[in-house]
Amino acid sequence: MTTTDRKPRVLSGIQPTSDSFHLGNYLGALRQWVALQDTADAFYCVVDLHAITVDHDPKVLHERSRVSAAQLLALGLDPERCTLFVQSQVPEHPMLGWILGCETGFGEASRMTQFKDKSSKQERTTVGLFTYPVLQAADILLYQTDQVPVGEDQRQHLELSRDLAIRFNGTYGRTFTVPDPYIVKETATIKDLTDPAKKMSKTSSTPKGCLYLLDEPNQMRKKIKGAVTDSDAEVRFDPENKPGLSNLMNIYTALGNTTFEKLEAEYAGRGYGDFKGDLAEVVADSIGPIATRTKEFLADKAELDRILERGAEKARIVASRTLAKAYKKVGFFAPAAL
RNA sequence: AGGGGUGUGGCGCAAUUGGCAGCGCAGCGGCCUCCAAAGCCGAAGGUUGCAGGUUCGAUUCCUGUCACCCCUGCCA
């Protein structure tokens with residue numbers, strides 16, 4: 001069963017909660033997804049089930065899921081080299097979620113800090129938001145995932161997934177692979193362009209702080225040029241004293257083929273204006289095409305939906321096998337055929 | 001579960017007896033600045049939680065409903 005030289009199975013998901021992913025998503029995670037297609041058996045998921053844990057509009061959600069998938073394809077995910085699907089097309093997720101929910105202690109779930117964060121910001125809090133990490137565990141365990149790329153904010157949830165896998169295996173016999181965190185090569189997190197103390201996020205207090213992949217090139221240029229800096233004029237990488245500028249340098253080195261040293265040398269004696277102008281072009285040139293390709297994918301919705309359906313079918317081959325095992329272990333009947 | 005309170009732009013709040021829904025902050029545009037910040041100028045932003053009712057007219061009064069907060073009770 002276990003092949004020694006098989007690629008590690010990797011799973012990662014992203015919520016379709018905005019009209020466009022942003023530069024922080026891209027440089028922090030999505031670009032990594034593209035790379036992992038070659039070194040891993042990668043499963044990528046647009047997690048629309050998770051998106052309704054907070055208020056949502058049905059039409060908007062549906063469209064965003066599609067736009068999200070189109071963007072993922074546009075930025076380099078290849079359905080031939082990875083398994084890309086929308087979570088709601090794979091019913092095994094909530095089915096396993098229920099089982100895992102019954103293995104999760106109430107206190108254990110109560111300790112999830114992201115729930116505390118999010119629920120305090122919502123007018124009303126649903127049970128769905130509370131059990132979110134359990135569904136996330138199902139997302140992961142369903143695919144016998146070896147590694148999960150995680151940022152700091154998801155560490156606790158992955159820890160829960162591991163605990164549940166270990167507990168379930170211990171109680172019912174070996175069923176799930178226990179997932180390990182995949183530590184992404186130290187890429188600097190991209191900060192809000194108007195407030196480098198904060199991570200770039202769609203919930204930024206100002207739209208200028210977050211650069212979206214689907215922004216018009218001129219909008220991108222404007223956001224880069226409007227980014228906060230400092231009262232100095234020296235282009236030097238110094239996150240302590242020059243957080244705004246250093247953030248821009250991070251973006252520059254991530255997208256352009258250059259280093260901090262080269263940048264410092266190149267802009268020695270010149271102002272931030274020049275630096276920003278050049279960076280704006282780098283950003284527009286490298287990110288701009290993603291929007292163009294996204295529009296192409298969206299232009300043929302039937303084909304896009306076919307791609308997603310094929311992805312879901314591939315996913316279900318694995319997911320249904322794991323679910324069947326879990327069903328049997330806990331004493332359920334197999335789902336009836338239609 | 002009972003009693004009370006609250007619900008108005010993104011946020012914090014106003015609106016006399018029922019009479020054109022306003023203010024501050026944030027956000028947006030412009031000037032300034034090597035760029036940005038600060039400062040100055042400008043424009044915009046609303047189904048008053050939701051559903052009914054009374055009225056010529058409802059943010060305001062009535063009924064219902066939903067959400068959140070406080071008190072009491074219930075449960076342990």
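Numbers restart at 1 for each chain; the letters A, B, ... are given by sequence-line order, proteins then strands.
Rounded to an integer number of Å, the gap from CG of Leu193(A) to C1' of rC35(B) is 13 Å. As a whole-Å value, the separation of Tyr272(A) OH from rC35(B) P is 13 Å. We find that CG of Asn241(A) is positioned 20 Å from P of rA37(B), with the value rounded to whole Å. Atom pair Arg236(A):CZ and rC35(B):C1' shows a separation of 17 Å (rounding to whole Å applied). For the pair Gln122(A) CD and rA67(B) P, the computed distance is 14 Å after rounding to whole Å. Regarding Asp192(A), its CG atom lies at a distance of 11 Å from the P atom of rG27(B), rounded to whole Å. Per the geometry, NZ belonging to Lys198(A) stands 11 Å off C1' belonging to rA26(B), to the nearest Å. For the pair Asp55(A) CG and rG49(B) C1', the interatomic distance rounds to 12 Å; values are reported in whole Å.
Residue Lys225(A) is classed as a sugar-phosphate contact, given heavy-atom separations below 4.0 Å to backbone atoms only. Among the atoms of the strands shown, none is found under 4.0 Å from any heavy atom of Asp278(A). Counting non-hydrogen atoms under 4.0 angstrom, Ala227(A) reaches the backbone sugars and phosphates but no base. Counting any heavy atom pair closer than 4.0 Å across all strands shown, Asp274(A) reaches no nucleic acid atom. The residue Lys222(A) sits close only to the backbone: its heavy atoms come under 4.0 Å of sugar-phosphate atoms, none of a base. Using a 4.0 Å heavy-atom distance criterion, Thr194(A) is classed as making no nucleic acid contact.
Rounded to whole Å, the C1' atom of rU63(B) lies 38 Å from the corresponding atom of rA76(B). A distance of about 13 Å separates the P atoms of rA26(B) and rA37(B), rounded to the whole Å. Between the C1' atoms of rU8(B) and rC70(B), the separation comes to 22 Å (whole Å). For the C1' atoms, the distance from rC20(B) to rU59(B) is 14 Å, rounded to whole Å. Only the P atoms considered, rG7(B) is 14 Å distant from rC62(B), to the nearest whole Å. Taking atom C1' on both nucleotides, rG27(B) is separated from rG42(B) by 14 Å, rounded to a whole Å. For the C1' atoms, the distance linking rG22(B) with rG46(B) amounts to 11 Å, nearest Å. Nucleotides rA51(B) and rU60(B) place their P atoms 13 Å apart, quoted to the nearest Å.
Each ring-ring contact (aromatic ring centres under 6.0 Å, His included) pair with one or both residues in residues 296-327 of chain A, not counting sequence neighbours, appears once here: Tyr327(A)-Phe332(A).
Under the Watson-Crick or G-U wobble criterion, with both distances below 3.5 Å, rA1(B) is paired with rU72(B). Across every strand in view, rA67(B) sits in a pair with rU6(B) that passes the Watson-Crick or G-U test at under 3.5 angstrom. Judged by Watson-Crick or G-U wobble contacts below 3.5 Å, the nucleotide rG18(B) has no partner. Partner assigned to rC40(B) is rG30(B), using Watson-Crick or G-U wobble distances below 3.5 angstrom.
A salt bridge links Arg81(A) to Asp38(A): one of the charged nitrogens lies within less than 4.0 Å of a carboxylate oxygen. Look at Asp274(A) and Arg270(A) and you find a salt bridge, because one of the NZ, NE, NH1 or NH2 atoms lies within 4.0 Å of a carboxylate O, short of that distance. Under the 4.0 Å criterion applied to side-chain N and carboxylate O atoms, Asp146(A) and Arg6(A) are assigned as salt-bridge partners.
In terms of position on RNA chain B, the residue among Gln219(A) and Lys276(A) whose nearest nucleotide sits closer to the 5' end is Gln219(A). Toward the 5′ end of RNA chain B lies the nearest nucleotide of Ala233(A), the other residue of the pair Ala233(A) and Thr125(A) mapping further downstream.
Across rC34(B), rC68(B), rG27(B), the shortest atom-to-atom separation from the side chain of Arg124(A) is found for rC68(B).
In this structure, Lys208(A) reaches the rC28(B) phosphate: one of its side-chain N or O atoms is under 4.0 Å from OP1 or OP2. When the side-chain nitrogen and oxygen atoms of Thr206(A) are compared with OP1 and OP2 of rA26(B), none of them lie within a distance under 4.0 Å.
Under the 30°/60° scheme for interplanar angles, the aromatic rings of Phe275(A) and Tyr267(A) are found to stand perpendicular.
Remark: of the listed residues Phe176(A), Tyr44(A), Phe43(A), Phe43(A) is the sole one forming a ring-ring contact (aromatic ring centres under 6.0 Å, His included) with Tyr143(A).
Between Leu298(A) and Leu304(A), some side-chain heavy-atom pair lies under the 4.5 Å cut-off.
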